[in-house]
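A short write-up of the structure that comes next.
Please read these numbers as outputs of a predicted model, since none were measured by experiment.
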Amino acid sequence: MKPMFSLGALLLASCTTSSDPHSGTFVGNPSLTARIADNPVQSVLSGQLDLLESHVTDCESTATPLGPRQLRFNGPSSAESIDLPVGDHCGLFFVVDLFTVTFEDEGTPITIVADDFDLSIPSTFVARDGNQAILRLGDERWLAEVATLAPSGETRLSRGTSPLADAFFEGLFDGSTVLSFE
């Protein structure tokens, strides 16, 4: 009888013991994926967005940290998502370490690399359990405007150093928004 009791106790203990998920992370949390806006002429091939910090802001201006993140893009869509707290939100804030986007402009590959900047995205949205928001980076005109100024190959940008940098950052800052929930 003793072996059966030990086995039963072990099974009972394993059923009641669970590892705690990370704080704020639960099955069914709403999440945020990202998409780099492109169009039929300028199509995104790949990208990477490395965030030293990410925050979601509620409509009373209280920021909730979401932690450092890395979003890799296969084509225009990110493979990773970011968990969001449930509730009404009025924006996102990112401390960007590196943002790389590679796109084709009528068959010519162009890579833009920008680093060390803050990205604030005012956008009102509601996060509900199990829903997914889509963060659109830039708008439909953004890459077309960048492509008219960018050479083929790779270009590294710093804010405010050229018309290309101005077009890249202004389009990213002004055109980014949270689109919808699925």
Side-chain angles (χ1 to χ4, degrees), residues 30-57 59 63 66-84 89-127 131-182:
S31 62
L32 178 75
T33 61
R35 178 174 175 79
I36 300 171
D38 60 359
N39 60 63
V41 178
Q42 291 81 31
S43 60
V44 173
L45 302 174
S46 64
Q48 184 169 318
L49 179 62
D50 294 341
L51 306 173
L52 296 174
E53 296 177 34
S54 59
H55 303 268
V56 64
T57 306
C59 297
L66 303 173
R69 301 286 179 195
Q70 182 181 68
L71 301 176
R72 289 178 302 275
F73 296 84
N74 182 10
S77 300
S78 69
E80 298 80 20
S81 62
I82 299 173
D83 287 335
L84 294 173
H89 303 293
C90 285
L92 298 165
F93 178 77
F94 302 133
V95 177
V96 178
D97 183 40
L98 178 74
F99 182 39
T100 302
V101 59
T102 299
F103 63 97
E104 279 187 340
D105 178 43
E106 297 181 342
T108 302
I110 297 171
T111 299
I112 303 294
V113 180
D115 58 9
D116 194 28
F117 63 93
D118 295 342
L119 177 58
S120 180
I121 303 168
S123 189
T124 302
F125 60 98
V126 179
N131 289 343
Q132 186 175 45
I134 301 168
L135 167 63
R136 183 190 69 204
L137 296 167
D139 61 21
E140 298 79 24
R141 298 178 317 270
W142 176 50
L143 289 182
E145 293 170 1
V146 169
T148 63
L149 300 168
S152 62
E154 183 177 304
T155 303
R156 294 190 74 81
L157 299 179
S158 297
R159 276 193 76 188
T161 58
S162 68
L164 173 58
D166 291 343
F168 179 85
F169 287 110
E170 286 173 17
L172 180 62
F173 295 164
D174 295 342
S176 296
T177 190
V178 177
L179 286 176
S180 64
F181 279 86
E182 295 177 344

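When atom types are taken as modelled, the side chain of Arg136 and the backbone of Gly138 share a donor-acceptor pair closer than 3.5 angstrom. Looking at Glu80, its side chain does come within 3.5 Å of a backbone N or O of Arg72 through a donor-acceptor pair. With hydrogens and angles ignored, the 3.5 Å screen pairs a side-chain donor or acceptor of Asn39 with a backbone N or O of Glu140. Looking at Ser54, its side chain does come within 3.5 Å of a backbone N or O of Gly67 through a donor-acceptor pair.
Here CG of Leu137 is found 5.0 Å from CZ of Phe99. Values are rounded to the nearest 0.5 Å. Between Ser31 atom OG and Ile82 atom CD1 the span is 9.5 Å, to the nearest 0.5 Å. Between the CD atom in Glu154 and the OG1 atom in Thr111 there is a gap of 6.0 Å [rounded to 0.5 Å]. Here the OG-CZ distance, from Ser46 to Phe103, works out to 11.5 Å after rounding to the nearest 0.5 Å. A distance of 10.0 Å separates CG of Asp97 from CD of Gln70, quoted to the nearest 0.5 Å. To the nearest 0.5 Å, atom OG1 of residue Thr177 and atom CG of residue Asp139 are 10.0 Å apart.
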task = Could you walk me through whether Leu32 and Phe125 pass side-chain contact (heavy atoms from CB on, under 4.5 Å), step by step?
result = CA-CA 11 Å; Leu32 178 75; Phe125 60 98; 5.6 Å; no

query = Given the rule in the side-chain contact (heavy atoms from CB on, under 4.5 Å) test, do Phe94 and Leu71 qualify, once you have shown the distances and angles that lead to the verdict?
reply = CA-CA 12 Å; Phe94 302 133; Leu71 301 176; over 6 Å; no

task = Apply the test side-chain contact (heavy atoms from CB on, under 4.5 Å) to residues Leu157 and Val113: give CA-CA distance (whole Å), side-chain angles for both, the deciding distance (0.1 Å), then the verdict.
result = CA-CA 6 Å; Leu157 299 179; Val113 180; over 6 Å; no

query = Going through the checks in order, is the side-chain contact (heavy atoms from CB on, under 4.5 Å) test met by Leu49 and Phe73?
reply = CA-CA 8 Å; Leu49 179 62; Phe73 296 84; 4.0 Å; yes

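Between Ile112 and Ala150 the shortest heavy-atom distance is CD1-CB, 4.2 Å. Looking at every heavy atom in both residues, Ala114 comes nearest to Phe169 through CB-CZ, 3.7 Å. Contact between Trp142 and Leu172 at its shortest, heavy atoms only, is NE1-N, 3.4 Å. Contact record, Leu66 with Asp83: CD2-O, 3.6 Å, taken as the closest heavy-atom pair. Of all heavy-atom pairs spanning Ala37 and Val44, the tightest one is O-CG2, 4.4 Å. Shown here for Pro151 and Leu164, the closest heavy-atom pair between the two residues is CD-CD2, 4.3 Å.
Pairs passing the salt bridge (charged side-chain N to carboxylate O under 4.0 Å, His left out) check and including a residue from residues 112-126, sequence neighbours excluded, read Asp115-Arg156. Within the structure, the salt bridge (charged side-chain N to carboxylate O under 4.0 Å, His left out) test picks out the following pairs touching residues 34-47 (sequence neighbours left out): Arg35-Asp38.
Residues Leu51 and Val96 form a side-chain contact, since some pair of their non-hydrogen atoms from C-beta on lies under 4.5 Å apart. Under the 4.5 Å side-chain criterion, counting only non-hydrogen atoms from C-beta, Thr124 is in contact with Cys90.
Asp174 meets the side chain to side chain contact (heavy atoms under 4.5 Å, CB included) test with Glu170; sequence neighbours excluded.
Between Thr33 and Ser78, the side chains place no donor N or O within less than 3.5 Å of an acceptor N or O (distance only, hydrogens not considered).
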